[in-house]
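Notes to accompany the following structure.
In each ligand, atom 1 is the first atom listed, and ligand 1 is the first ligand listed.
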Amino acid sequence: MWGYGVVALCLLGVGGVWGGYEFPAEFQFGAASAAFQIEGAWNVSDKTASVWDNWLHRAGSEFNGDVTCNSYNQWQEDVEAAAALGLDYYRFSLSWPRLLPTGLPNEVSEDGVQYYNQLIDGLLARGIEPVVTIYHWDLPQNLQDLGGWANPLIGEWFADYARVAYSKFGDRVRRWLTINEPFSFCVAGYDYAMHPPGMSWAGVADYICIKNVLLAHARAWRVYDEEFRNKYHGKVALCNHMVWIEAEEDDDGTAELVRQIYVGLFNHPIFSKKGGWPPAIEQIIEKNSKEQGYPRSRLPSFTKDEIKLVRGTFDFLAMNHYTSRVGRHTREGESALTYVLGLAEVDGVLYTRPEWRKAGTSWFYIYYEGMRKQLKWLKDNYGDVEILITENGYGDADGLKIQDDERITYISEMLKQVLLAMHEDGVRVVGYTVWSLLDNLEWDEGFTPRFGLYQVDFDDAALARVPRASASYYAGVITSRSAEYTNTTSS
Ligand code: PNW
């Protein structure tokens, strides 16, 4: 590998930036989706409403998840699409209210179990490993009515649900992701009301959500560890989204504090030796809270037992990464961003650089090096842990466009950064997952942003999965083990 890299380096005559490295044979490639975004069939059989069904059924919403890709009925086409790419694995999620109509395990839906059995067996029959996310945001409305992620009992409810998932599918599923991107639903749902439950209470509600997520994940990991590991020998991890925070040249330490909030709050309790919240952040929030007249820290503390419960609950680290921000302390006349997670605590602002091109969703600015820097930061902070990149991909707003050169360039450049992190920084990355296998419902942003390697025309009842140019590029990556892309379009 190293030899190849050096030779390629000489041949290409490029210095430093891109070494022409290739992926080792055991490296795995996948693609991902999530139940609410693709399944449709929101009320078939005994399925009950999720918070997202209701959120998009509210007055004024111009779209909903009632049909979307109709994968509930067209899952065989998804399996075919995955097989045509030559994927090693397909990451999808289970719908909690489809499997447990009350949200609790007193009743397990036969229909729900059968749906996921078919999908899992269909994938295995094509040699594709199912990698399963247990929770990707579609909380049963029933449980939301009891407070959802703000109710401390959610840890028990989630562990009970995870046990059902492991016992029904654990004989065939060997890699599990407990919860997808708590950052997204604890911040968009509790800081600025873009996701259910639609609260705007940054600095209080978000922290409660994050703590309860960590305890829920930990309980679910321990259920696997204690009841299933000996039988099935699988792996379980929490799945976190990480925005790389770049520092300015005159940075006073604020950028690192923001990293410790954005990534640290969600990972330090699990991956650090000591466990618990990142100490610097815990102290700052406690001090701020007292000065503001609260009797105790707004960041709910962990008891000693809770620290032990959460610490070490990983078999690998699952990272979703798309974008970066610059983070720094406010300057004269500026005010901190008070409505997003933690920035007010450190008097921080976030912004993007003019040269970071914007892609097709509200938050998507492109900075390729952020991938490598984020991976290296994880290694520096949490040690030599095995990392699976569980999402990365490109969202455009280009409709049905098939010749998606921008997506190919994005994936190719990001893969190069992954190779550099592996070969030059020694980060142990074991796999890479494209978001997404097919165009789907992009949550509060509807059907306009498209992330698919396969195009889906939502105005055509057939909902055919049509491969884009990026699908053939990605299939080529998987066979060649190289990230290289030559733009062959004439223009
Ligand atoms: C993820 N950011 O969300 C989710 O896991 C997917 O369900 C979603 O469709 C996909 O990425 C594309 O958006 C993210 O601000 C939301 O960097 C926000 C960010 C990243 C990922």
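- Scanning the protein heavy atoms around atom 17 (O) of ligand 1, the nearest turns out to be His241 NE2, 3.0 Å.
- Note on ligand 1: Glu445 sits outside its first shell, no heavy atom being nearer than 4.0 Å.
- For atom 10 (C) of ligand 1, the closest heavy atom belonging to the protein is Tyr322 OH, 3.3 Å.
- The aromatic rings of Trp52 and Phe36 lie tilted to each other, with the angle between the two planes from 30° to 60°.
- Annotation: Trp137 places no N or O atom under 3.5 Å from an N or O atom of ligand 1; distance criterion only.
- Summary of contacts: the protein heavy atom closest to atom 14 (C) of ligand 1 is Glu181 OE1, 3.3 Å.
- Between the side chains of Trp221 and Asp315, at least one donor-acceptor pair of N or O atoms lies under 3.5 Å.
- Of the heavy atoms in Asn440, none comes closer than 4.0 Å to ligand 1.
- Side-chain contact annotation: Gln141 with Asp145, donor-acceptor N/O pair under 3.5 Å present.
- Within the 4.5 Å cutoff, side-chain heavy atoms of Trp176 are placed close to those of Ile134.
- Put simply, the residue from Asn180, Asn320, Thr133 that forms a side-chain hydrogen bond (donor to acceptor under 3.5 Å, both in side chains) with Thr390 is Asn320.
- Of all atoms in ligand 1, listed by their number and element, those nearer than 4.0 Å to a heavy atom of Phe451 are 12 (C), 13 (O).
- The ligand atoms of ligand 1 that sit less than 4.0 angstrom from a heavy atom of Glu442 are 8 (C), 9 (O), 12 (C), 13 (O).
- Of all atoms in ligand 1, listed by their number and element, those nearer than 4.0 Å to a heavy atom of Trp435 are 6 (C), 7 (O), 8 (C), 9 (O), 10 (C), 12 (C).
- Listed by atom number, the atoms of ligand 1 under 4.0 Å from Thr323 heavy atoms are 17 (O).
- For Val243, the closest heavy-atom approach to ligand 1 falls below 4.0 Å.
- Considering backbone and side-chain atoms together, Trp363 places no N or O closer than 3.5 Å to any N or O of ligand 1.
- When only modelled atom types and interatomic distance are considered, Ser95 and Glu39 share no side-chain donor-acceptor pair under 3.5 Å.
- Comparing Ser184, Ser324, Gly393 against atom 16 (C) of ligand 1, the shortest heavy-atom distance belongs to Ser184.
- In terms of modelled atom types and a separation under 3.5 Å, the side chain of Thr48 and the main chain of Pro101 share a donor-acceptor contact.
- Taking every heavy atom of both residues into account, Ser470 and Asp404 meet most closely at OG-OD2, 2.5 Å.
- Close to ligand 1: Trp443, with a non-hydrogen atom less than 4.0 angstrom away.
- Side-chain atoms of Tyr394 and Glu406 include no donor-acceptor pair closer than 3.5 Å.
- You'll find the ring centres of Tyr135 and Tyr161 outside the 6.0 Å limit.
- Checked by distance only, ligand 1 and Gln37 come closer than 3.5 Å through their nitrogen or oxygen atoms.
- Polar contact with ligand 1: present for His136 (N/O pair, distance under 3.5 Å).
- None of Lys373, Arg325, Arg357 except one satisfies the side-chain hydrogen bond (donor to acceptor under 3.5 Å, both in side chains) rule with Tyr367; the exception is Lys373.
- Heavy-atom proximity to Glu391, at under 4.0 Å, picks out these atoms of ligand 1: 1 (C), 4 (C), 5 (O), 6 (C), 10 (C), 11 (O).
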